[in-house]
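Note sheet for the following structure.
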Amino acid sequence: MAVEQQATAVRTAPASTAGSATAVAHPNIALIKYWGKRDERLILPRTDSLSMTLDIFPTTTRVRRVPGADHDDVTLGGAPAQDEAQRRIVTFLDLVRERAGSADRAVVDTENTVPTGAGLASSASGFAALAVAAAAAYGLDLDATALSRLARRGSGSASRSLFGDFVVWHAGRHTGTEEEADLSSYAEPVPTGPLDPALVVAVVNAGPKDVSSRAAMRRTVDTSPLFEPWAVSSKDDLVDMRQALGRGDLEAVGEIAERNALGMHATMLAARPAVRYMSPASLTVLDSVLQLRRDGVLAYATMDAGPNVKVLCRNADADRVAGVVRSAAQGGAIHIARPGPAARLLLGDGR
């Protein structure tokens, strides 16, 4: 999808008279990582990041306004949202209501096909879909940039899931007013040369993490002596990554992504106490990726805040890479993803 088409596809329109809207969004996997916030309330990151939106694991969310209701009714996968998930969604709806000048409560129904809490960007697709649906249901006419900023307030990585293919999230201004900082932090598509990549996802553990991403970020930023050097090097990684994408150099893209991810995990291991997401199965998969390269296959690993490993490779090699990784993943599920679409509103009955 061309950059212009990506930006257009995600724009909302005023709400229908029914005050209801349904949207779908896909998760993204960061190749240059987002790790650490400089503002917890506005969710402003310390560094820029860059990701690939996937064509698997979509989240579909319907938001319907209910005038006169005294509370929001939120269901996730057919079950009432609990505790922190409920709080985050209601807080996000409050932000939308404030901007729309509406007091209407809402019914929110989300079907999330991403394994939740396992480092597979479930919050990215979830809040991207919620941002698009809620903005439309409450009559906010927002362009792609404004929607990206809005989605960021629910989950930082959701700002990137507003767009398809490869996306950069700008950390924005670190000085000036709060409003200036907020306006300067958004995501946008990244032009690329011919790449034809695939991402093999090895889910070695689909269960919730012992330490949430938010808690791990705070601990890493506050206590790890390796965090600041990694943040500085990540800026250089981003420059190198954008150049590699622009010339369609998938091998360089993989090399940069792997070093950036392993560097991020090193900062967590140096936190006090350490945050360790890598499991024995993760290390076995990482070893299999090294062996693939020794055998002449372009394959590079990346990991987010969880034990699961994603392997960037040529689309033509995806089945071979998946077979090797499956053998190494000790019974874990294997999925093959390609670059995916921008978030979008669904029309009519949601199809």
Side-chain angles (χ1 to χ4, degrees), residues 1 3 6-7 9-10 25-37 43-59 114 118-129 131 144-145 147-149 151-152 154-172 185-192 195 197-201 213 217 234-235 237-246 250 252-265 300-306 308-313 335 337-343:
M1 183 181 286
V3 170
Q6 286 176 321
V10 74
H26 289 73
N28 68 80
I29 295 300
L31 304 180
I32 301 297
K33 301 299 184 185
Y34 149 53
W35 196 245
K37 302 182 184 77
I43 310 188
L44 298 173
R46 288 177 172 262
T47 62
D48 298 341
S49 59
L50 188 148
S51 63
M52 186 179 97
T53 300
L54 309 184
D55 65 348
I56 60 175
F57 297 144
T59 296
V114 189
L120 288 167
S122 59
S123 64
S125 58
F127 276 99
T145 300
L147 272 170
S148 178
R149 292 192 195 101
R152 189 198 76 222
S155 170
S157 55
S159 67
R160 300 188 304 247
S161 277
L162 266 292
F163 302 95
D165 299 337
F166 293 88
V167 184
V168 63
W169 172 21
H170 302 288
S185 184
Y186 57 89
E188 63 180 350
V190 175
T192 68
L195 288 167
L199 199 70
V200 176
V201 180
S213 296
M217 279 188 192
S234 192
K235 295 178 182 179
D237 287 344
L238 181 73
V239 172
D240 293 344
M241 178 66 79
R242 296 195 67 160
Q243 291 174 348
L245 287 169
L250 189 61
V253 169
E255 289 177 353
I256 298 162
E258 187 170 280
R259 78 191 187 205
N260 188 267
L262 294 179
M264 182 188 77
H265 280 266
Y300 290 90
T302 186
M303 294 181 65
D304 294 306
N308 304 303
V309 183
K310 300 88 181 179
V311 185
L312 187 71
C313 62
H335 306 272
R338 278 90 181 179

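Not measured: the values here are computed from a predicted model.
Nearest heavy atom pair, residue G172 against residue D48, reads N-OD1, 4.4 Å. Between S159 and S148 the shortest heavy-atom distance is O-OG, 3.1 Å. Nearest heavy atoms, S155 versus A124: OG-N, 4.2 Å. A pairwise comparison of heavy atoms in P341 and L54 identifies CD-O, 4.0 Å as the closest pair. When every heavy atom of S125 is checked against every heavy atom of T59, the shortest pair comes out as OG-OG1, 2.8 Å. Between T302 and A261 the shortest heavy-atom distance is OG1-CB, 3.4 Å.
With rounding to the nearest 0.5 angstrom, the OG1 atom of T47 is 8.0 Å from the NZ atom of K235. To the nearest 0.5 Å, atoms CD1 (I32) and CG (N260) are separated by 4.0 Å. Separation of atoms OH (Y34) and OG (S213) is listed at 8.5 Å; rounding is to 0.5 Å. The CH2 atom of W169 lies 12.5 Å from the CG atom of L50; values are rounded to the nearest 0.5 Å. Note that CD1 of I56 and CG of L199 are 8.0 Å apart. Values are rounded to the nearest 0.5 Å.
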Output side-chain donor-acceptor pairs under 3.5 Å for residues 238-245, partner residues at least two apart or in another chain, one line each.
from: D240; atom 1: OD2; to: R259; atom 2: NH2; distance (Å): 2.9

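Checked for salt-bridge contact, K310 and D304 meet the test: a charged N lies under 4.0 Å from a carboxylate O.
The salt bridge (Lys or Arg N to Asp or Glu O under 4.0 Å) search around E255 returns none, not counting sequence neighbours. Scanning for ring-ring contact (aromatic ring centres under 6.0 Å, His included) contacts around W35 gives an empty result, with sequence neighbours left out.
With hydrogens and angles ignored, the 3.5 Å screen pairs a side-chain donor or acceptor of R152 with a backbone N or O of I43.
For the pair M52/I29, no side-chain contact is recorded, criterion being any heavy-atom separation below 4.5 Å from C-beta on. At least one side-chain heavy atom of P197 sits under 4.5 Å from a side-chain heavy atom of L312. Here the side chains of N28 and V167 are not in contact, with every heavy-atom distance at 4.5 Å or above.
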Test Y300 against V253 for side chain to side chain contact (heavy atoms under 4.5 Å, CB included), laying out the working first. CA-CA 9 Å; Y300 290 90; V253 169; over 6 Å; no

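For F57 and H26, the ring centers are positioned 6.0 Å apart or more.
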